[in-house]
Amino acid sequence: MPQQINHNSKNFILYDFDCGRDRGFADLKNTIGEHMSKKDQPYIVISNAFEGEIHHKQPDTFLERLHVILREYNSKKVILVMCDANLKKNYQRWCHNHKEKEVIGHCIYFPYTLLRRTIDYYNQHRRKKKDIAEKYRHYICMNAAAKPHRFRMIEKLFSNGWDTKGYITYLNRYGKNTKHMANENFQGQTLKLDFDAETIDQKSNQEILPIEYKQAVFDIVNESIISDTSIFITEKIWKPILYKNPFIVLGSKGTCKHLEKFFGIRLYQDMVNYSFDYVDYPQRFDRIINDNLRRIMNIPMNDLNKWLNSESVQYALSYNQTKLINTQIPSLIDYIGEKING
């Protein structure tokens with residue numbers, strides 16, 4: 001059932017969609033009527049902060065269902081919370097494209113739910129061992145759920161002979177969804193270092209890193225989405241920052257710029273060509289491969305270790321870690337109150 005909250009003399013009804021969208025919709029559908037009839041309607045908060053993409057190239061059933069249920073409610077009292085840095089723009093674009101009247105008056109980007117979970121786990125399981133000064137591999141690339149862009153990355157690593165230069169996981173979590181993409185280089189087979197598709201979901205295993213993680217220089221991060229419109233940052237990026245690993249991310253357009261501008265993260269400009277961050281997919285993928293990985297994979301490990309252990313890189317790694325750990329994470333309701341009053 002939804003949570004009723006009074007905050008600064010305002011009434012909020014918080015619907016938790018992160019526990020499951022079907023459950024959230026059931027609660028919303030079953031209770032919206034009683035709030036609709038009130039003279040002073042409370043704020044309806046649709047909280048789905050574990051998700052961060054509005055679909056434009058395919059039907060967005062989430063927004064469609066919200067519009068059906070909330071169309072008669074006062075739009076100024078409807079709040080949508082998601083982990084998309086471009087949420088407001090993307091919602092307005094969706095309404096324009098589908099000729100829908102806006103029923104959500106406040107679109108709030110809240111990037112702290114996944115971040116809090118990752119930081120909490122890090123603080124509770126601080127590493128006692130010192131980092132390895134000399135790394136053994138160029139990279140590590142970890143993939144749980146099989147997705148086309150992740151398959152493409154692993155296929156490139158194999159087809160170029162780079163699989164021997166790093167550690168790769170491909171767990172086929174939720175099923176072998178990319179087996180139709182199989183070729184002579186990579187068939188989408190399960191590759192694991194520690195947990196498999198079943199055990200990765202148990203307890204906090206998703207937050208645990210394999211021992212090979214700190215033996216690699218770069219974390220090649222294949223994010224959850226590769227949208228050209230939404231920016232969605234997950235624990236896949238927070239981990240290398242917290243554990244002081246340089247990273248190259250295949251994710252949403254503008255991800256690296258957003259990390260820099262919004263979170264204050266320092267990038268690795270002297271090694272990574274970030275021009276990929278400004279172009280659409282699949283050009284973004286091609287630039288990561290051709291302007292970065294092709295060059296980095298040919299750097300001898302001795303030289304790559306020298307770069308990694310240089311004063312400037314070690315300073316950036318420590319700076320980013322401290323910056324993230326010290327992030328002030330607000331409560332959701334305080335954050336909402338600040339945004340709608342601002």
Side-chain angles (χ1 to χ4, degrees), residues 49 52-54 82-90 107-119 122 139-141 149 153 216-281 283-293 295-296 304 307-330 335 338-339 342:
E53 183 175 22
I54 287 180
M82 293 182 71
C83 190
D84 175 12
N86 297 330
L87 181 59
K88 182 177 180 180
K89 184 196 304 184
N90 282 325
C107 293
I108 296 179
Y109 168 50
F110 189 75
Y112 302 108
T113 306
L114 284 168
L115 178 57
R116 180 190 290 113
R117 186 179 72 181
T118 305
I119 290 177
Y122 173 84
Y139 71 90
I140 189 168
C141 184
H149 66 282
M153 178 63 76
V217 175
F218 275 97
D219 186 346
I220 300 176
V221 177
N222 291 322
E223 259 293 6
S224 292
I225 67 170
I226 49 168
S227 174
D228 295 328
T229 52
S230 297
I231 297 179
F232 179 36
I233 297 174
T234 74
E235 77 284 346
K236 298 169 188 63
I237 288 178
W238 303 137
K239 286 176 182 177
I241 295 174
L242 286 174
Y243 291 92
K244 298 172 66 175
N245 267 38
F247 61 94
I248 297 175
V249 56
L250 172 61
S252 301
K253 181 180 180 180
T255 293
C256 298
K257 180 180 179 181
H258 185 68
L259 286 170
E260 193 174 32
K261 299 298 183 182
F262 189 90
F263 292 98
I265 299 301
R266 299 194 176 192
L267 304 178
Y268 311 101
Q269 305 278 1
D270 59 338
M271 178 62 72
V272 179
N273 180 344
Y274 288 99
S275 65
F276 66 83
D277 198 46
Y278 301 93
V279 297
D280 291 348
Y281 189 86
Q283 289 85 359
R284 188 157 61 255
F285 177 87
D286 294 336
R287 289 196 182 187
I288 289 175
I289 298 296
N290 296 321
D291 297 345
N292 287 286
L293 295 187
R295 169 176 44 82
I296 290 171
L304 204 55
W307 172 79
L308 178 64
N309 290 310
S310 66
E311 184 177 347
S312 60
V313 174
Q314 287 299 310
Y315 177 81
L317 292 171
S318 296
Y319 177 90
N320 290 342
Q321 181 193 57
T322 301
K323 188 78 174 177
L324 208 59
I325 291 174
N326 291 337
T327 298
Q328 296 298 312
I329 298 182
Y335 195 78
E338 179 183 338
K339 292 298 179 182

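The model shown is predicted, which means the values in this text are computed figures rather than measured ones.
In terms of heavy-atom proximity, N245 sits nearest to L317 at C-CD2, 3.9 Å. The two residues V313 and L308 have their closest heavy-atom pair at CG1-O, 3.5 Å. L304 and M271 get closest at one heavy-atom pair: CD1-CE, 4.0 Å. Shown here for V249 and C256, the closest heavy-atom pair between the two residues is CG1-SG, 3.6 Å. Residues S318 and K244 come closest through the heavy atom pair OG-NZ, 3.2 Å. The shortest non-hydrogen separation linking P111 to F262 is CG-CE2, 3.9 Å.
Partners of K236 under the side-chain contact (heavy atoms from CB on, under 4.5 Å) rule, at least two apart in sequence or in another chain, are R150, V221, E223, S224, T234. Applying the side-chain contact (heavy atoms from CB on, under 4.5 Å) test to K257 and every residue at least two apart in sequence or in another chain returns K261, D277, Y278.
Separation of atoms CD1 (I265) and CD (Q321) is listed at 10.5 Å; rounding is to 0.5 Å. In this structure, NZ in K323 is found 12.5 Å from CG in L259, a value given to the nearest 0.5 Å. To the nearest 0.5 Å, atom OH of residue Y139 and atom CG of residue D219 are 11.5 Å apart. In this structure, OH in Y335 is found 7.5 Å from OH in Y109, a value given to the nearest 0.5 Å. Atom CG in N222 sits 5.0 Å away from atom CE in M153 (nearest 0.5 Å). Taken to the nearest 0.5 Å, the CG atom of L293 stands 10.0 Å off from the CG atom of D291.
The closest donor-acceptor contact from the side chain of N86 to the backbone of T229 lies under 3.5 Å. The backbone N or O of I231 sits less than 3.5 Å from a side-chain atom of D84, completing a donor-acceptor pair. No donor-acceptor distance shorter than 3.5 angstrom exists from the side chain of N90 to the backbone of E53, with no hydrogens or angles considered. With E235 contributing its side chain and L115 its backbone, the two residues share no donor-acceptor pair below 3.5 Å. Judged by distance alone, with hydrogens and angles left aside, the side-chain atoms of R284 form no donor-acceptor pair with the main-chain N or O of F276 at under 3.5 Å. Side chain of S252 to backbone of S230: a donor-acceptor contact under 3.5 angstrom is found. A donor-acceptor distance shorter than 3.5 angstrom exists from the side chain of R116 to the backbone of P330, with no hydrogens or angles considered.
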Inset, instruction - Before giving the answer on side-chain hydrogen bond (donor to acceptor under 3.5 Å, both in side chains), spell out for Y274 and E260 the whole-Å C-alpha distance, their side-chain angles and the decisive distance to 0.1 Å. - result: CA-CA 12 Å; Y274 288 99; E260 193 174 32; over 6 Å; no

Legend entry - Check against side chain to side chain contact (heavy atoms under 4.5 Å, CB included), R266 and Y315: CA-CA 10 Å; R266 299 194 176 192; Y315 177 81; 3.1 Å; yes

Inset, instruction - Any chance you could lay out the side chain to side chain contact (heavy atoms under 4.5 Å, CB included) test for I233 and F263, step after step, and finish with the verdict? - result: CA-CA 11 Å; I233 297 174; F263 292 98; 4.3 Å; yes

Inset, instruction - Could you please spell out the steps behind the side chain to side chain contact (heavy atoms under 4.5 Å, CB included) verdict for F285 and I226? - result: CA-CA 9 Å; F285 177 87; I226 49 168; over 6 Å; no

Inset, instruction - Under the side-chain hydrogen bond (donor to acceptor under 3.5 Å, both in side chains) rule, what do R287 and N290 come out as? Steps first, then yes or no, please. - result: CA-CA 5 Å; R287 289 196 182 187; N290 296 321; over 6 Å; no

Inset, instruction - Walk me through it: do I296 and I248 pass the test side chain to side chain contact (heavy atoms under 4.5 Å, CB included)? - result: CA-CA 11 Å; I296 290 171; I248 297 175; 3.7 Å; yes

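Counting non-hydrogen atoms of other residues, nucleotides and ligands closer than 6.0 Å to CD of E311 gives a total of 12 or fewer.
A perpendicular orientation is assigned to the rings of F110 and Y112, their planes being inclined by more than 60° (bins at 30° and 60°).
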